[in-house]
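Naming: A, B, ... by sequence-line order, numbering from 1 per chain. Quick caveat: nothing in here was measured; it's all calculated off a predicted structure.
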2 protein chains.
Amino acid sequence: MAVSPQDPGGGVARAEKLRAAGLKATAPRLTILEALETDRRHPSAEMIFESLIDKSPSLSLSTVYQTLETFLQRGLLRRIAGAGGKLRVDGTLQDHDHAVCRTCGAVFDVDPDLIKRPRPPASLPHGLQVKNLFVEYEVLCSDCASDE
Amino acid sequence: MAVSPQDPGGGVARAEKLRAAGLKATAPRLTILEALETDRRHPSAEMIFESLIDKSPSLSLSTVYQTLETFLQRGLLRRIAGAGGKLRVDGTLQDHDHAVCRTCGAVFDVDPDLIKRPRPPASLPHGLQVKNLFVEYEVLCSDCASDE
DNA sequence: TTAGTAAATAGGAATTATTCGCATTTAGAA
DNA sequence: TTCTAAATGCGAATAATTCCTATTTACTAA
């Protein structure tokens, strides 16, 4: 989210982004959206909640879950399969790919220009509308490689 | 898994596959592996357990969880982020890609030849060893598209 | 402005998914 | 065969996610 002198912190732009997605620009959503834009940890719902609870003491964990689900449905967020299959999200805006460690499930961001990117077809069989295309690398991270 | 006249059902080949991966060829593993090879539902641990409990009444759910984790680590299985981030797996052998519905989380198999497949680099920054590369489509399935 | 209204939130309880601990069993090596 | 590390089954424990509902809030239109 660009931050201009007229919009320190980017709050106005974020509110517009929410409204453009057909959502009310509520305080919890603005806070969560901001957190997501800057959090590079591929956080879980709990991690987001923890990172915000001091600034927003009335925020509830179930609101975080609900909000993530809403954002996912509007394409404001990517879902990642973390270790044990638990929910992790990625709310950073720029296109990038993910590498997931086969053994420990750790997720790493990968520069999308490392490979020649396929052009996505507009639609797929079964009437699937393509919204985005990402590359996922199945990897062995250095920690896990040394255990083998 | 190929089935030859000498190995009806493919059990011997499966046992070899397990041993090749450094694992003991136990009865639960053979059963689970067979189920995974044929189950196209992108099943959860529970779904696999349910599909086997009649034939293998002594099988336990925690063994299914453990076995899936083991198979994942040996690359016998792919992990998928299902709806709500719950664990789903794909144990079908052939290369293929996945389309995941943004809204409901449904997973569809996609023919890998639909696009020009990028050649994976052998390694990535941070000492990541690349084992595999898949394409993931973020889509809207026809059910969810009609709700919008 | 200021109601009116549908949508969103908080909080806790309920449910579901996953992991753990440990006694028993088993595959494969010697 | 016998031995041993690894794997299993079971139930209990924990953790993650969803559900319920009274209250609050953003936006709409008068």
Legend entry - Under-4.0 Å salt bridge between A/R41 and A/D90: no

Inset, instruction - Take the protein atom CG of A/L68 and the nucleotide atom P of C/dA8, then report the distance between them rounded to whole Å. - result: 15 Å

Inset, instruction - Measure from the side-chain heavy atoms of B/K86 and tell me the nearest of C/dT9, C/dT19, C/dA17. - result: C/dA17

Inset, instruction - Check every nucleotide of DNA chain D for an atom under 4.0 Å from a heavy-atom of chain A, then give the first and the last such nucleotide from 5' to 3'. - result: D/dA16 to D/dC27

Legend entry - d(NZ, A/K24; P, C/dT5) in whole Å: 13 Å

Inset, instruction - Could you check how far CD of A/Q66 sits from P of C/dG11, rounded to whole Å? - result: 15 Å

Legend entry - Rounded distance in Å - CG (B/L61) to P (C/dC20): 14 Å

Inset, instruction - Indicate yes or no: does A/D7 engage A/R14 in a salt bridge with an N to O separation below 4.0 Å. - result: no

Inset, instruction - Quick one: closest heavy-atom pair of B/A35 and B/L52, and the distance? - result: CB-CD2, 3.9 Å

Please tabulate, one pair per line, all N/O donor-acceptor pairs under 3.5 Å involving side-chain atoms of residues 24-32 of chain A, not counting sequence neighbours.
residue	atom	partner	partner atom	Å
A/T26	OG1	A/R29	N	3.4
A/R29	NH1	A/K24	O	3.0
A/T31	OG1	A/A27	O	2.6

Legend entry - Side-chain N,O (B/Y65) to OP1/OP2 (C/dT18) below 4.0 Å: yes

Inset, instruction - To the nearest Å, give me how far apart CZ (B/R19) and P (C/dT26) are. - result: 17 Å

Inset, instruction - Indicate yes or no: does A/E46 engage A/K86 in a salt bridge with an N to O separation below 4.0 Å. - result: no

Inset, instruction - Take the protein atom CD of A/Q73 and the nucleotide atom P of C/dA8, then report the distance between them rounded to whole Å. - result: 11 Å

Inset, instruction - Round to a whole Å and report the spacing from CG of B/L30 to P of C/dT26. - result: 14 Å

Legend entry - Comparing B/S44 and B/L23 on DNA chain C - which has the more 5′ nearest nucleotide: B/S44

Legend entry - Over all atoms of both residues, closest heavy-atom pair of A/C101 and A/C141: SG-N, 3.4 Å

Inset, instruction - Tell me which of B/S60 and A/A45 sits closer to the 5' end of DNA chain D, going by the nucleotide each one is nearest to. - result: B/S60

